[in-house]
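Numbers restart at 1 for each chain; the letters A, B, ... are given by sequence-line order, proteins then strands.
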Amino acid sequence: MLDGYEMTVGLEIHAQLDTNTKIFCSCKNEFGGEPNTHTCPICLGLPGTLPVLNEKAVDYIIKAGLALNCEIATFSKFDRKNYFYADLPKAYQISQFDLPFCEDGEVKINPEGEEEMIVGITRIHLEEDAGKLNHDGDISNANSSLVDYNRVGTPLIEIVSEPDIHSPAQAIAYLKKIRSILEYIGVSDCDMSQGSMRADVNISIAPVGSDKLGTRTELKNMNSFKAIEKALYYEPKRQKKVLESGGEIVQGTMTWDDEAGKTRAMRSKEEAHDYRYFPEPDLVPVVVDDQWVAKIKEEIPELPDTRQKRYVEELGIPEYDAGVITADRQMADFFEGVVSDYDNAKAVSNWMMGDFLRLLNEEDITISEVKFEPKDLAQMLKLMDDGIISSKIAKTVFEEMFATGKTPDTIVEEKGLKQISDSSELENIVSKVLEENQSAVDDYNSGNKNVIGFLVGQTMKATRGKANPGMVNKILREKLEG
Amino acid sequence: MKIDKETVEKVAHLARLEVNEEEKDTFAHQLSDILDHAEKLNELDTDDVEPTAHVLPIKNVFREDKVEDSLDRELALSNAPDKDKGMFKVPKIVE
């Protein structure tokens, strides 16, 4: 798509940490809430107040650093990033400049349709989130903004990638992997629709083989994988057009217009930001010793890559299925719940990859909202194995479980879905089917043995799918041959 | 180190300060003098001295992750020059 050029993407992922309180004060850290009900003199930046660091936030960034294979700094400090904007009551953001908590990490990704690869992580630092500006109606017509400071001081980690990403698929795989790992270790819920995970996307292109990166443009605060993917197809092409028509790329912030499917330059003033970082005098440095790191290390659960490998090696399910199931911790936990009650892991993964995922997508819900329990799926699979329900009926039972949360036994009982395996009952039904389909019987007798498939179908129809297909086949053959 | 008028203008703009022509000259001189004075420190040999971000010999001051009461909203908003719908009302910001 970019012949002659290669795109390079840098991602800065912001993830809100799931602590009880804010990073520098004891206000509740919670999404939503009535405007300005979670504020105090510290997060409002009133004169004379002093921030005090939330220890849990440090635990969490160390945890994220370890899970993303980073070096954990033994000495770390905070810095002031100065800028005037109404979302920031102090007129500076407390962030980290030259001594972040984590550096030099990496993560393994499997981009769709491409080879497995490693993406380097430059650094992860800890900072505070800003408030939220609200506008009545269209922002361009508004003559004032309303500010809600509930979000000010929410602990954020910023994960900065190395320039290793060169395609939209790689960028998406990387984002999904980071989200998956942060969810596994329980430091962030990474809910993009609520903004608890968002990304700044840097995009540049350079001639293939060039050892220099091109001038980059930046899309800030992107909070949907779909939009990021679309922007990553659009923006490099736009840059290529500019370069090929003899123009130059202007470094700066752009905005993604999802409706128009285009990037647009923001009306930013030409002057570059000058944040004048300096060491935060109100906070003392943080020294992290081996003991602290060791303690956090112990709290890290089995991560998706390890889990995937175990599912393939010990449970014998295909690598792809294992990848899909382990990408979401809740999904993987559910899977293990079923497998602990039922031996055939392959059958479980088939159901989860098939009807289960389909219904989750159709209803647009997550695993935690599913009404039935892992043991119910195990029970349903046992009913199939025992010949009590056919695989066709199982689909009906599954959909009912999904819709109502009732147990498979109850559903089979209430709806009378038990497979008919009683031979005398089946013989009667088959006889009736044969009577009603004399022409098919004639065909059979004149040598067209394939017509038996049609007769099996008619019998299944007559029993609304409840007949045991193996037995129907056998009885039909006996009667036709006899 | 010489601070010129343009630098004063830039610094003033970053700090959102209004300075008149006369003040620009005064500040250019004063800022130059301050930097010259600080420049003297460069004469010291600091090769064996760890860079210092903080002068206090204190580290690891933390707070427990325990929720305490926030301000009542009316109190939080009481110093606001303008407010609406429980929020701080500010002039339109054009980015």
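Of the listed residues B:V67, B:N60, B:L56, B:V55, the one with more heavy-atom pairs under 4.5 angstrom with chain A than any other is B:N60.
Taking each heavy atom of A:V287 and B:K59 in turn, the nearest pair found is CG2-CD, 3.3 Å.
Only the backbone of A:C25 comes within contact range of chain B, with at least one heavy atom under 4.5 Å from a heavy atom of that chain. Proximity to chain B is limited to the backbone of A:L283, based on heavy atoms less than 4.5 angstrom apart. Contacts between A:I42 and chain B at a heavy-atom distance below 4.5 Å are absent for every atom of the residue. Interface remark: A:F75 contributes no atoms to any contact with chain B (heavy atom separation under 4.5 Å). Residue A:K77 touches chain B through its side chain alone, counting heavy-atom pairs closer than 4.5 Å.
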Verdict with reasoning, A:S26 to B:R63, per side-chain contact (heavy atoms from CB on, under 4.5 Å): CA-CA 8 Å; A:S26 301; B:R63 185 175 50 75; 3.4 Å; yes
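Although no hydrogens or angles enter the test, the distance criterion places a donor-acceptor pair under 3.5 Å between the side chain of B:H54 and the main chain of A:E280. Looking only at distances, a side-chain donor or acceptor of B:D65 sits under 3.5 Å from a matching main-chain atom of A:T21. A donor-acceptor pair under 3.5 Å is absent between the side-chain atoms of A:N36 and the main chain of B:R73, judged by distance alone.
Side-chain contact check for A:T37 versus B:S70: every heavy-atom pair is 4.5 Å or farther apart. The closest side-chain heavy-atom distance from B:K10 to A:D274 is below 4.5 Å.
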